[in-house]
Visitor: 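Submitted below is the structure of interest, expressed as structure tokens.
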Protein chains: 2
Amino acid sequence: MLSKKTKYALHALTYLGKHREEKTVLIQDIAEEHGISHKFLENILLELKKAGILGSKKGKGGGYYLIKEPIDIPLSKVIRLLDGPIALLPCVSLNYYEPCDECKDEAVCGINKVMIQVRDETLKILENKTLEDILKT
Amino acid sequence: MLSKKTKYALHALTYLGKHREEKTVLIQDIAEEHGISHKFLENILLELKKAGILGSKKGKGGGYYLIKEPIDIPLSKVIRLLDGPIALLPCVSLNYYEPCDECKDEAVCGINKVMIQVRDETLKILENKTLEDILKT
DNA sequence: CATAAACCCTATAAAATAAATAGGGTTTAT
DNA sequence: ATAAACCCTATTTATTTTATAGGGTTTATG
């Protein structure tokens with residue numbers, strides 16, 4: 001399941017996607033719309049900014065805005081950023097690899113072999129679904 | 001990511017699958033092989049038993065054994081049992097439905113529409129990969 | 001140039017969940 | 001009779017997630 005962070009991020013991105021004609025959008029507006037704590041959402045938007053998905057403008061009259069086209073924001077990117085690995089096991093993660101404690105020998109383990117296939121097929125899905133898919137429904 | 005419970009369950013099932021010629025296998029043997037706490041593993045095997053995946057024999061000389069063919073044990077079943085929903089949002093879960101807090105109106109939300117598609121495609125993968133796939137590699 | 005409005009940053013606390021432990025009960029081969 | 005094994009529930013501990021706190025920095029505007 002997605003964490004609240006990721007869910008909030010998706011809601012925020014959707015909100016920003018729907019208000020692209022405006023130059024910037026306030027954190028407060030998004031927070032109120034979805035009943036999210038202002039400060040918690042702020043952290044999330046900052047992460048999205050550091051990841052190059054959002055831009056921001058400081059000072060009075062500032063706010064956040066989408067820096068990319070919705071079609072160029074795959075779900076895989078958002079999920080990895082806020083939730084971490086998409087793979088089901090750390091030992092088959094492309095971006096967050098770690099050895100598995102329970103596994104004596106990765107070369108012999110049949111579980112990871114299958115999980116590599118699951119990861120690749122899951123990635124196909126999550127890399128193809130983008131913010132645009134959410135916006136257009 | 002899979003919880004330790006699910007990982008332990010997969011290791012236990014793999015172990016049982018590899019020892020099918022023996023009538024029963026002891027919890028202790030599986031626990032030692034993978035460095036899992038005996039008691040923790042016991043709870044997991046009980047859940048697998050209640051779910052109709054394992055059988056057991058009580059008393060001296062007893063133990064656990066696979067009650068189904070490995071090809072009839074899809075990963076989806078094991079994951080659902082130990083980890084819960086496969087869907088990324090509670091509001092699109094087939095087996096564990098709950099409304100989403102952040103979502104004002106499911107009919108209007110574009111996120112859940114996309115997540116239904118992700119769920120269906122993910123299920124295709126996890127229902128097709130079975131214990132047999134793990135054993136045969 | 002003062003000020004208010006907005007983003008920026010780090011650290012800590014609270015809540016929820018996952019993982020592990022504990023302690024006994026029941027069954028059955030020998 | 002007894003020891004070995006599964007069965008069951010409750011509690012504790014550890015980890016992760018979620019939320020809060022408190023200020024710092026930037027900038028449009030009158």
Side-chain angles (χ1 to χ4, degrees), chain A residues 1-9 11-12 16 22-32 34-67 79 81-85 88 90 96 98 100-102, chain B residues 1-12 16 22-32 34-51 53-67 79 81-85 88 90 96 98 100-102:
Chain A
M1 303 277 278
L2 298 180
S3 68
K4 288 204 171 188
K5 265 192 170 177
T6 300
K7 286 199 267 181
Y8 292 164
H11 280 292
L16 286 163
E22 300 161 35
K23 276 207 210 80
T24 63
V25 168
L26 300 186
I27 292 177
Q28 194 54 45
D29 291 348
I30 305 173
E32 276 174 12
H34 293 284
I36 308 172
S37 140
H38 175 113
K39 282 292 199 177
F40 195 44
L41 183 58
E42 195 172 9
N43 287 331
I44 294 165
L45 295 182
L46 274 177
E47 286 197 67
L48 290 168
K49 192 198 162 179
K50 282 180 196 159
I53 295 171
L54 298 184
S56 67
K57 196 167 178 317
K58 285 184 183 176
K60 195 171 175 181
Y64 286 93
Y65 51 91
L66 279 183
I67 212 172
I79 293 175
L81 189 65
L82 284 314
D83 266 6
L88 294 178
Y96 299 86
E98 277 183 49
C100 274
D101 303 333
E102 310 76 36
Chain B
M1 303 278 276
L2 298 179
S3 69
K4 287 204 170 188
K5 265 192 171 178
T6 300
K7 286 200 268 182
Y8 292 165
L10 290 175
H11 280 292
L16 287 162
E22 299 162 35
K23 275 207 209 79
T24 63
V25 168
L26 300 185
I27 292 177
Q28 194 54 44
D29 291 347
I30 305 173
E32 278 174 11
H34 292 284
I36 308 171
S37 139
H38 176 113
K39 282 293 198 178
F40 195 43
L41 183 58
E42 195 172 8
N43 287 333
I44 293 165
L45 295 182
L46 275 176
E47 285 196 71
L48 290 168
K49 190 197 165 181
K50 282 180 197 158
I53 295 171
L54 298 184
S56 67
K57 196 168 178 316
K58 285 185 186 175
K60 195 172 176 180
Y64 286 94
Y65 52 91
L66 279 182
I67 212 171
I79 293 174
L81 189 64
L82 284 314
D83 265 7
L88 295 178
Y96 300 86
E98 277 182 48
C100 274
D101 302 334
E102 309 77 35

Visitor: Rounded to the nearest 0.5 Å, what separates atom NZ in A/Lys4 from atom CG in A/Asp83?
Guide: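 So the gap between those two atoms works out to 13.0 Å.
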
Visitor: Once you round to the nearest 0.5 Å, how far does NZ of A/Lys50 lie from CG of A/Leu45?
Guide: 12.0 Å

Visitor: Please tell me which of the listed nucleotides, C/dA6, D/dC6, C/dT21, lies nearest to the side chain of A/Leu26?
Guide: C/dA6

Visitor: With a cut-off of less than 4.0 Å, is there a side-chain N or O of A/Ser56 near OP1 or OP2 of C/dA6?
Guide: no

Visitor: Would you say B/Ser37 reaches C/dT21's phosphate, i.e. side-chain N/O to OP1/OP2 under 4.0 Å?
Guide: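 Checking B/Ser37 against C/dT21: at least one side-chain N or O falls below 4.0 Å of OP1 or OP2.
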
Visitor: Which of parallel (below 30°), tilted (30 to 60°) and perpendicular (above 60°) describes A/His11 and A/His34?
Guide: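 Tilted: the ring planes of A/His11 and A/His34 meet at 30° to 60°.
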
Visitor: A/Gln28 has an atom CD; how far is it from atom P of C/dC7, in whole Å?
Guide: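 Rounding to the nearest Å, CD of A/Gln28 and P of C/dC7 are 9 Å apart.
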
Visitor: Quick one: are B/Ile44 and B/Ile36 in side-chain contact, heavy atoms under 4.5 Å?
Guide: no

Visitor: What's touching nucleotides 21-23 of chain D from the protein side, N or O pairs under 3.5 Å?
Guide:
residue	atom	partner	partner atom	Å
D/dG22	O6	A/Lys39	NZ	2.5
D/dG23	O6	A/Lys39	NZ	3.1

Visitor: So, taking the atom named CD1 in B/Ile67 and the one named CD1 in B/Ile53, what distance separates them when rounded to the nearest 0.5 Å?
Guide: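 B/Ile67 atom CD1 to B/Ile53 atom CD1 measures 10.0 Å (nearest 0.5 Å).
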
Visitor: Identify all pairs in which a protein N or O lies below 3.5 Å from an N or O of nucleotides 15-18 of chain C, and state each distance.
Guide:
none

Visitor: Does D/dC6 have OP1 or OP2 under 4.0 Å away from a side-chain N or O of B/Tyr65?
Guide: no

Visitor: Taking a pair as Watson-Crick (N1 to N3 plus N6-O4 or O6-N4) or G-U wobble (N1-O2 and O6-N3), both under 3.5 Å, which stems of 3 or more consecutive pairs involve DNA chain C?
Guide: C:1-30 with D:1-30

Visitor: For C/dC8, take OP1 and OP2 only and decide whether either is under 4.0 Å from a side-chain N or O of A/Tyr64.
Guide: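 True: A/Tyr64 side-chain N/O within range (under 4.0 Å) of C/dC8 OP1/OP2.
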
Visitor: Grab the two heavy atoms, one from A/Glu102 and one from B/Tyr8, that are nearest each other, plus how far apart they are.
Guide: CG-CE2, 3.2 Å

Visitor: Starting at CZ of B/Phe40 and ending at P of D/dT12, how long is that distance when rounded to a whole Å?
Guide: 18 Å

Visitor: Under the side-chain contact (heavy atoms from CB on, under 4.5 Å) test against A/Tyr64, which residue among A/Leu46, A/Val25, A/Thr24 passes?
Guide: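 The option that passes is A/Leu46.
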
Visitor: When the distance from OH of A/Tyr8 to P of D/dT17 is rounded to whole Å, what number comes out?
Guide: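 It is 15 Å, rounded to the nearest whole Å.
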
Visitor: Please give, in whole Å, the distance from D/dA19 C1' to B/Glu102 CD?
Guide: 14 Å

Visitor: Extract from the structure each pairing of a protein N or O with an N or O of nucleotides 24-30 of chain D at less than 3.5 Å, listing the distance.
Guide:
residue	atom	partner	partner atom	Å
D/dA28	OP1	A/Lys57	NZ	3.2
D/dA28	O4'	A/Lys60	O	3.4

Visitor: To the nearest Å, how far apart are B/Leu45 CG and C/dA20 P?
Guide: 14 Å

Visitor: Are B/Leu88 and A/Ile79 packed together at the side-chain level, in the sense that at least one heavy-atom pair is separated by less than 4.5 angstrom?
Guide: yes

Visitor: I need the NE2-C1' distance between A/His38 and D/dA19, as an integer number of Å.
Guide: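 Spelled out: NE2 on A/His38 to C1' on D/dA19 is 13 Å.
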
Visitor: Round to a whole Å and report the spacing from CD1 of A/Ile36 to P of D/dT17.
Guide: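 Result: 18 Å.
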
Visitor: Under a 4.5 Å cut-off applied to non-hydrogen side-chain atoms, are B/Leu16 and B/Ile30 in contact?
Guide: yes

Visitor: Does a side-chain N or O of B/Lys49 approach OP1 or OP2 of D/dC6 to a distance below 4.0 Å, or not?
Guide: no

Visitor: Working to the nearest 0.5 angstrom, can you tell me the gap between B/Leu41 CG and B/Ile27 CD1?
Guide: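 The CD1 atom of B/Ile27 is 6.0 Å from CG of B/Leu41, to the nearest 0.5 Å.
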
Visitor: Is the shortest side-chain N to carboxylate O distance from A/Lys7 to B/Asp101 below 4.0 Å?
Guide: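 No salt bridge links A/Lys7 with B/Asp101.
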
Visitor: Minimum heavy-atom separation for B/Ala31 and B/His38, please, with both atom names.
Guide: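 Smallest interatomic distance, heavy atoms only, reads CB-CA, 4.1 Å.
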
Visitor: Please list all pairs meeting salt bridge (charged side-chain N to carboxylate O under 4.0 Å, His left out) that have one or both residues in residues 37-49 of chain A, counting only residues at least two apart or in different chains.
Guide: A/Lys5-A/Glu47, A/Lys39-A/Glu42

Visitor: Expressed as a whole number of angstroms, how long is the span from B/Leu16:CG to D/dC6:P?
Guide: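 Between P of D/dC6 and CG of B/Leu16: 11 Å.
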
Visitor: Give me the distances for all protein-to-nucleotides 14-16 of chain D N/O pairs that come in under 3.5 Å?
Guide:
none

